[in-house]
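What follows is one structure encoded as structure tokens, with my remarks underneath.
Since the model is a prediction, treat every value here as computed from it, not as a measurement. Order of the sequence lines fixes the chain letters, A, B, ..., with proteins taken first and strands second; residue numbering starts at 1 for each chain.
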Protein chains: 2
Amino acid sequence: MIRNTPVTLKFLAEKLKMSVSTVSKALNDYPTINEYTKKRVQEMARDFHFTPNKSAINLKERKSRIIGIILPNLLDHFFTRSIYGVEQFATARGYNVIIRQTHDELAKEIQAANMLLKSRVDGLIIAISKNTKDFAHLEQFENMGTPVVYYARNPSFNLNCHKVLGNTFQGSYEATKFLIGRKHQKIAYLGGPKMISFSHDRFNGYINALKDHQIPFVAGLVAYTDFDKENTILAIQKLFSDPENRPTALVAFKEPILFDAIKYLRSIHHPSFAEMECIGFGNNAFITYLDVPPVASIEENPEAVGENAIKLLLQLIDQEVELLHYQKIIVDCKLVVH
Amino acid sequence: MIRNTPVTLKFLAEKLKMSVSTVSKALNDYPTINEYTKKRVQEMARDFHFTPNKSAINLKERKSRIIGIILPNLLDHFFTRSIYGVEQFATARGYNVIIRQTHDELAKEIQAANMLLKSRVDGLIIAISKNTKDFAHLEQFENMGTPVVYYARNPSFNLNCHKVLGNTFQGSYEATKFLIGRKHQKIAYLGGPKMISFSHDRFNGYINALKDHQIPFVAGLVAYTDFDKENTILAIQKLFSDPENRPTALVAFKEPILFDAIKYLRSIHHPSFAEMECIGFGNNAFITYLDVPPVASIEENPEAVGENAIKLLLQLIDQEVELLHYQKIIVDCKLVVH
DNA sequence: TTGTAGGCGTTATCAG
DNA sequence: CTGATAACGCCTACAA
């Protein structure tokens, strides 16, 4: 049976021949309301499946109880897993979550930001696109007093903002150190897009591990790619072309890219292939099915990253942390040996 | 610079020394408003970055402009890909999308449904959990006049509802037929949870393909599992234990489960392994990295499934389709040979 | 052409 | 203990 008249406080009040305010108070268990009255009201509410209208409450409370998440891609398990952490805490606190994908396109990021701004989200968590250099569309939020937490991808050195980031420096340091421990001397580094968050810290971790273990740095052992398979193959060709400096190990900024690299080397029967040991960021669940799996993975703990992001955001919303008192939270990686 | 006073129509009206309604009309381009006035108002609105408060509009329009999606798991690429289709059309029409994962747990599904009900979503798209047999938590929506579209997972024979489903019958028919075409006589079927949507149609597709090609059905060539690796191994042991009826091909209800099966058979050096040909539902992007890939995949076109679901839902919301005039939309699968 | 008033559903304050 | 009233921000029929 379908109701046409919506079940509101007013509707219940009329049924019960009481005032709207009494009904409201009874449902919210006000101490000043007679127990018997409460019972009557609550029963009636249950019978008619009354649910308070969120829009009305939001209007009154000047809140939306919605948190926005903007991220590049849900097919990337890093982001999907990070959402677990966010969701859990957000829903426990009564917030809904709206996720918007940008596919790493700035235009879509701007569109998503504007739509979420209109929706008056109470807070925003964002992993910026690889092309985001200007932040005007995101600064709008803080101008309205809506907190923004940048996560997973580091916006830039000089942007003042709240950040929750994986410790990619430590991750690639440990990976490199691990490979050194396995007696590799020629360790290649395959980096990602030249954007700060993909390159800087990871590369530094690699370099520092080499230095700390007295392995000379060779420029020819470093190459960069992006999420495009062709570019990965070009980068790999560059890394493995010099017979004098043939790598025996490889650290890659992302596992799917590493898989492309491995597949390519294998397909051309590269002489180094058999002895190669590789490590990438990710720890993809799929690795268990691979014939030639990476020797280890850098587990980035995306759930923990998401969890820290939402916890910080909730503190900002609750004003337990000052909006302008910018926080930086770093989540360590963990080397997982396969 | 951070505003403390929110920018509302009232705020603008005071600045401009006009009435609230004039400002409202000017912003909504009413023909009765003087052009000069409009210009003044619109400029001021732009300068102060005015954005209308959604909660207020929602309250007034009795709409939320939010669509809820409940699904088991975002780590399953079927669902992640299905969201692409949904998102695109929803956002183009000005709807926000709230996604809730149930992890295939009924309790979480109920909780999510209740929360979305309170949020007064304008419509719901749901892939039910594998344990959902009672639908009271979902029938609430239709009782309030909120349309619900069931997708991806078929609720039951006798539930009257709107459905958008993949043509799993045709998918498994084609897979089986393809294997028969490759001269297989002993084709095993590895089915999913005994819930209707996982079993019935796929199994029928398999059976019918056998029958249409005069291959005798052997009960020992059918086994069932769920998403648990141990159960998959048990099922595989059952299928491959009888030397008299050793399968040379396998159709599986989900690719990740198929991968577990392949891995297991390989690990025990099963004599059939070398000649085996397998097909599963999914067409996972990862297959390209596998050493022993399935001979083909049943591509379920999740984007198209999502797209059909949202299109139907929008029609229901716009009342272009009667709420009680239940629709059933079937999206064909496509066999992709690797 | 502009302004006034009422209502969407809820909660809070204050009076009865 | 209960009820009337105002307010949240927006829109719109009607009055001026």
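- Here B:Asn58 does not reach the OP1 or OP2 of C:dC8: none of its side-chain N or O atoms lies under 4.0 Å away.
- Ionic pairing of A:Lys38 and A:Asp29 is present here: one or more N-O contacts between side-chain nitrogen and carboxylate oxygen are shorter than 4.0 angstrom.
- Computed from coordinates, the A:Leu16 CG to D:dT2 C1' distance equals 14 Å when rounded to whole Å.
- With a 4.5 Å cut-off on side-chain heavy atoms, B:Ile126 and B:Val148 count as touching.
- If you take CG of A:Asp29 and P of C:dA12, they are 14 Å apart, rounded to a whole angstrom.
- Atom CD in A:Glu14 sits about 11 Å away from atom P in C:dG9, given to the nearest Å.
- Look at CZ on B:Phe50: it is 11 Å from P on D:dG9, rounded to the nearest Å.
- Comparing B:Lys60 and B:Arg120 along DNA chain C, the residue whose closest nucleotide (by nearest heavy atom) sits nearer the 5' end is B:Lys60.
- A:Asn28 has its CG atom 13 Å from the C1' atom of C:dG9, to the nearest Å.
- Counting any heavy atom pair closer than 4.0 Å across all strands shown, A:Thr8 reaches sugar-phosphate atoms only and no base atom.
- Salt bridge status for B:Arg93 with B:Asp122: absent, with no side-chain N to carboxylate O gap under 4.0 Å.
- With 3.5 Å as the limit, one finds a donor-acceptor pair spanning the side chains of A:Tyr95 and A:Lys63.
- By the neighbour-count criterion of 12 heavy atoms within 6.0 Å, atom CD of A:Glu320 is densely surrounded, having more than that number from other residues, nucleotides or ligands.
- Relative to the side chain of A:Arg62, the nucleotides D:dC8, C:dT10, D:dC10 differ in distance, and D:dC8 lies closest.
- Under the 4.5 Å side-chain criterion, counting only non-hydrogen atoms from C-beta, A:Lys133 is not in contact with A:Leu159.
- Here B:Ile57 lies in heavy-atom contact (under 4.0 Å) with sugar-phosphate atoms only.
- Within residues 30-39 of chain B, the residues that place at least one heavy atom under 4.0 Å from DNA chain C are, in residue-number order, B:Thr32, B:Ile33, B:Asn34, B:Thr37.
- Taking atom CG of residue A:Asn53 and atom P of nucleotide D:dC8, one finds them 18 Å apart after rounding to whole Å.
- Atom-to-atom, CZ of A:Phe48 to P of C:dG9 comes out at 16 Å; the value is rounded to the nearest Å.
- Judged by distance alone, the side chain of A:Arg153 and the main-chain N or O of A:Ile128 form a donor-acceptor pair under 3.5 Å.
- Atoms CG (A:Leu9) and P (C:dC8) sit 12 Å apart, rounded to a whole Å.
- Contact between the side-chain N/O atoms of A:Thr22 and the OP1/OP2 oxygens of D:dG3 is found at a separation under 4.0 Å.
- Distances shorter than 4.0 Å separate some side-chain N or O of B:Ser24 from OP1 or OP2 on D:dC11.
- The residues B:Lys39 and B:Glu35 are annotated as not salt-bridged, no charged nitrogen and carboxylate oxygen being separated by less than 4.0 angstrom.
- For B:Lys25 and C:dG3, a side-chain-to-base donor-acceptor distance below 3.5 Å is present, hydrogens and geometry of angles not being considered.
- Here C:dA12 is the nucleotide among C:dT10, D:dC8, C:dA12 with the atom lying nearest to any side-chain atom of A:Ser21.
- Within the 4.0 angstrom heavy-atom criterion, only backbone atoms of the sugar-phosphate kind lie near A:Lys10; the bases stay farther away.
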